[in-house]
Amino acid sequence: MKKIVSVLVVVLAFTFQSNAQDQMNKATKTIALEQTKGEFTQKGLTVDAGTYIFEVSNNHAAKEVGLVLVPKGKDASNPENHIKTAYVTTVVKDGETQKTNATTLTQGEYVYFCPLNPTPQYTLTVK
């Protein structure tokens, strides 16, 4: 009887965990960004508040590219101001695409840029 109860507990725990992950995946949206030499092709974005994963593509921009996201008005050159979850999980090599971790954005303005393939700072507005 103890084994049956233990198995039921494990099955229920797995079911609840799977449902929670499914809900999180449904709530998380993707923002696709493409880099070419010296610039992002998306010159500015406006999105609703929520949780996002950034998907960064390196379209022959440089050997490696990345992404930095900073609240607008903060010193973008200071890594302490960077939103670390918005870093790509690994540098984006030429011809490849990489993703960031889930990043929750609240209403306001942010700037995004690439520090490896220096780009201008573009505005991301969250409404």
Side-chain angles (χ1 to χ4, degrees):
M1 186 66 170
K2 280 186 175 182
K3 282 187 177 185
I4 292 173
V5 170
S6 296
V7 169
L8 276 173
V9 167
V10 169
V11 168
L12 287 174
F14 179 75
T15 301
F16 286 129
Q17 180 182 2
S18 294
N19 287 338
Q21 286 177 343
D22 286 345
Q23 292 297 343
M24 189 178 102
N25 289 339
K26 288 178 186 173
T28 302
K29 301 170 197 106
T30 300
I31 296 174
L33 297 172
E34 176 191 33
Q35 280 192 55
T36 58
K37 286 210 182 292
E39 65 181 2
F40 279 98
T41 56
Q42 298 78 7
K43 305 284 189 261
L45 300 165
T46 300
V47 299
D48 292 325
T51 302
Y52 294 88
I53 291 175
F54 293 88
E55 188 175 79
V56 180
S57 298
N58 180 348
N59 189 0
H60 309 297
K63 184 177 175 183
E64 296 178 337
V65 301
L67 177 69
V68 172
L69 182 68
V70 180
K72 193 167 194 170
K74 294 208 174 187
D75 180 5
S77 66
N78 183 348
E80 289 181 16
N81 294 327
H82 297 178
I83 298 172
K84 309 283 189 288
T85 56
Y87 288 161
V88 286
T89 55
T90 194
V91 293
V92 188
K93 296 185 189 281
D94 187 18
E96 293 183 0
T97 300
Q98 296 294 334
K99 294 180 180 182
T100 67
N101 290 308
T103 302
T104 300
L105 301 175
T106 57
Q107 186 175 12
E109 289 189 316
Y110 303 81
V111 294
Y112 62 95
F113 63 96
C114 176
L116 303 174
N117 166 41
T119 65
Q121 292 184 6
Y122 301 101
T123 301
L124 169 64
T125 303
V126 180
K127 51 184 184 155

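The first residue of the sequence shown is numbered 1, and numbering continues consecutively from there.
- Across all non-hydrogen atoms, the minimal contact from Gly66 to Cys114 is N-SG, 3.3 Å.
- Across Val47 and Ile31, no two heavy atoms sit closer than the pair CG1-CD1, 4.1 Å.
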*Show your reasoning for whether side chain to side chain contact (heavy atoms under 4.5 Å, CB included) applies to Asn101 and Thr89.*
CA-CA 7 Å; Asn101 290 308; Thr89 55; 3.8 Å; yes
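- Of all heavy-atom pairs spanning Gln98 and Glu96, the tightest one is NE2-OE1, 3.7 Å.
- At a threshold of 4.5 Å between non-hydrogen side-chain atoms, the residues Leu45 and Tyr52 do not count as touching.
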*Apply the test side-chain hydrogen bond (donor to acceptor under 3.5 Å, both in side chains) to residues Glu34 and Thr41: give CA-CA distance (whole Å), side-chain angles for both, the deciding distance (0.1 Å), then the verdict.*
CA-CA 6 Å; Glu34 176 191 33; Thr41 56; 3.1 Å; yes
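- The heavy-atom pair separating Gln107 from Ala49 by the smallest distance is N-CB, 4.3 Å.
- Between the side chain of Thr103 and the main chain of Thr85, a donor-acceptor pair closer than 3.5 Å is present.
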As a quick check of understanding, evaluate side-chain hydrogen bond (donor to acceptor under 3.5 Å, both in side chains) for Lys127 and Thr46, giving each step before the final call.
CA-CA 7 Å; Lys127 51 184 184 155; Thr46 300; over 6 Å; no
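- Rounding to the nearest 0.5 Å gives a distance of 9.5 Å between NZ of Lys29 and CG of Leu105.
- Taking the six-membered ring where tryptophan is involved, the planes of His82 and Phe113 are perpendicular, since the angle between them exceeds 60° and thus also 30°.
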| said: Assess the residue pair Asn117 and Asn58 against the criterion (side chain to side chain contact (heavy atoms under 4.5 Å, CB included)); give the C-alpha distance rounded to whole Å, side-chain angles, the decisive distance to 0.1 Å, and a yes or no. | reply: CA-CA 10 Å; Asn117 166 41; Asn58 180 348; over 6 Å; no
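- Of the candidates Leu33, Val68, Val70, Ile83, Tyr112 forms a side chain to side chain contact (heavy atoms under 4.5 Å, CB included) with just one, namely Leu33.
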Between Thr119 and Val65, does the side chain to side chain contact (heavy atoms under 4.5 Å, CB included) criterion hold? Intermediate values first, please. CA-CA 10 Å; Thr119 65; Val65 301; over 6 Å; no
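- For NZ of Lys93, the number of neighbouring non-hydrogen atoms (other residues, nucleotides, ligands) closer than 6.0 Å is 12 at most.
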- Item | Pair Phe40-Gln35, side chain to side chain contact (heavy atoms under 4.5 Å, CB included): steps then yes or no | CA-CA 4 Å; Phe40 279 98; Gln35 280 192 55; 3.2 Å; yes
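- Residues Tyr122 and Glu39 share a closest heavy-atom pair of OH-CB, 3.3 Å.
- Proximity of a side-chain donor or acceptor of Asp94 to a complementary backbone N or O of Lys63 within less than 3.5 Å is not detected.
- Pro120 approaches Gly38 most closely through the heavy-atom pair CD-O, 3.4 Å.
- Under a hydrophobic clustering in which Ile, Leu, Val, Met, Phe, Trp and Tyr are joined whenever their side-chain heavy atoms come within less than 4.5 Å, directly or via other members, Val88 and Phe54 fall into the same cluster.
- Under the 4.5 Å side-chain heavy-atom criterion for grouping Ile, Leu, Val, Met, Phe, Trp and Tyr, Val126 is connected to Leu69 within one hydrophobic cluster.
- Checked against salt bridge (charged side-chain N to carboxylate O under 4.0 Å, His left out), Lys99 has the following partners two or more places apart in sequence or in another chain: Glu55.
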